[in-house]
Amino acid sequence: MKYHNTLEKLSQIKIFSQEKLNNLNAICKDFPFKANDYYLNLINWEDTEDPIKRIIFPCEEESLDWGEYDASNESSITVDKGVQHKYPYTVLLLCNEECGGYCRYCFRKRVFLRENNEVSLDVKEGIKYISENPQVTNVLLTGGDPLLLSNDKLVEILSEIRKIDHVGIIRIGSKLPAFNPMRIYEDYELLDILKEFSTAEKRIYLMTHFDHPRELTKEAQKAIKSLINVGAVLCNQSPLIRGVNDNPKTLAELFNKLSFIGCPPYYLFQGRPTKGNYPYRIPIVEGYFIFEEAKKLVSGLARRARFVMSHETGKIEIIGVDEKNIYLKYHRAKNPQDLGKILIFKRNDYAYWLGDLVPA
């Protein structure tokens, strides 16, 4: 698969003026560009508002001063290099600093900066930490994209985790089924690895990242089928993104198609106020009504998604909005005493994050 890290060599770049190209190149110095031929070919370049283009291609508004690199203060829950422990039962291992493409709205784009050293390709300390904390039942491999690691490296990581009796679930967060599905269904060795370590008693969960129905190509669906056939359990998570899935019909189509192919929606995230993400932002109230309208158009497992804010203090579900108030609930909480707590704030149609809200 051919990857591109600069704009100049793209055949489609001729549609932009030199001034526009210069501006986009300036953006890419702060927020790198990466895409492959397969994914770029999904774009309708004649459509200036094409949602796939918006996912992967730089936008001049990214330069606006808004947000911060670590919007959810992940540094505060980092217990060792590449190891995050926020909730009692789940540990995250940041085991790769590469992705199959760089989503423009990424909440962890700091990982792809040259000076960043949060990721640890050597997970020995993380494995040791998990083995010494018997309450941990879930391990999430993330980064970056773990499925871009070599098969030998994946075997090394998965085999070490499987030696820990108290870990029941290994989750792998990946957008490769959207960015490069051939990596999955053409690599029989990878599929054999997943089959070996996704057992009847202890499954591997593949947390996919499809943001728009057009990402669910025949190739992507073939990758999903291959993963299901080797015993992986699939769920999808996506942020709500301006210009991509901020339409109830589009979101409903995404939810429906995902549920039909065996990869039902799990979380819909309120976009974090991350540096560079200004053009992709959607206020909480608007996002809530988009989500609720989409749910009216689907049924069953397609309605399973929760609309949540992955805040420093926990995973906060947006459960209601009326004329006066916004109602939130701690679905997960950094402080166990907050778990299940209901929060009521004055309605603010311009608020994007918890800190923008005032208690009712």
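Model, not experiment: these values are computed from the prediction. Just so it is clear, the values below take in all heavy atoms, side chains as well, and ignore hydrogens, waters and symmetry mates.
Under a hydrophobic-cluster definition in which Ile, Leu, Val, Met, Phe, Trp and Tyr are linked whenever side-chain heavy atoms come within less than 4.5 Å, directly or via other members, Y185 and L148 are assigned to the same cluster.
A donor and an acceptor atom, one from each side chain of N245 and T250, are nowhere located under 3.5 Å apart. Side-chain N/O atoms of S75 and N73 include a donor and acceptor closer than 3.5 Å. Using modelled atom types and a 3.5 Å distance limit, the side chains of N133 and H85 yield no donor-acceptor pair. Side-chain atoms of N36 and N180 form no donor-acceptor pair, as typed in the model, at a separation below 3.5 Å. Side-chain contact of H311 with Y330: a donor-acceptor pair under 3.5 Å is absent, judged by distance alone. A donor-acceptor pair shorter than 3.5 Å can be found between the side chains of E219 and T217.
The aromatic ring centroids of W45 and F57 lie less than 6.0 Å from each other. Checked against the 6.0 Å centroid threshold, Y102 and F112 count as a close aromatic pair. Taking the six-membered ring for Trp and the full ring otherwise, the centers of F179 and Y3 sit at least 6.0 Å from each other.
R347 places a side-chain N or O within donor-acceptor distance of the main-chain N or O of D322, the cut-off being under 3.5 Å. Between the S72 side chain and the S310 main chain, a donor and an acceptor come within less than 3.5 Å of each other. For the pair D80 (side chain) and V83 (backbone), a donor-acceptor distance under 3.5 Å is absent.
Ring-plane geometry between F255 and F291 is classed as perpendicular, the angle between the planes exceeding 60 degrees on a 0 to 90 degree scale with a lower cut at 30.
Shown are E62, R242, K109; of these, the side chain to side chain donor-acceptor pair (under 3.5 Å) with N277 is made only by K109.
Annotation: Y278, atom OH; neighbour count of heavy atoms from other residues, nucleotides and ligands within 6.0 Å does not exceed 12. The number of heavy-atom neighbours closer than 6.0 Å to CD of E8, taken from other residues, nucleotides and ligands shown, is above 12.
Looking at E317 and K329, no side-chain N of the basic residue comes within less than 4.0 Å of a carboxylate O on the acidic one, giving no salt bridge.
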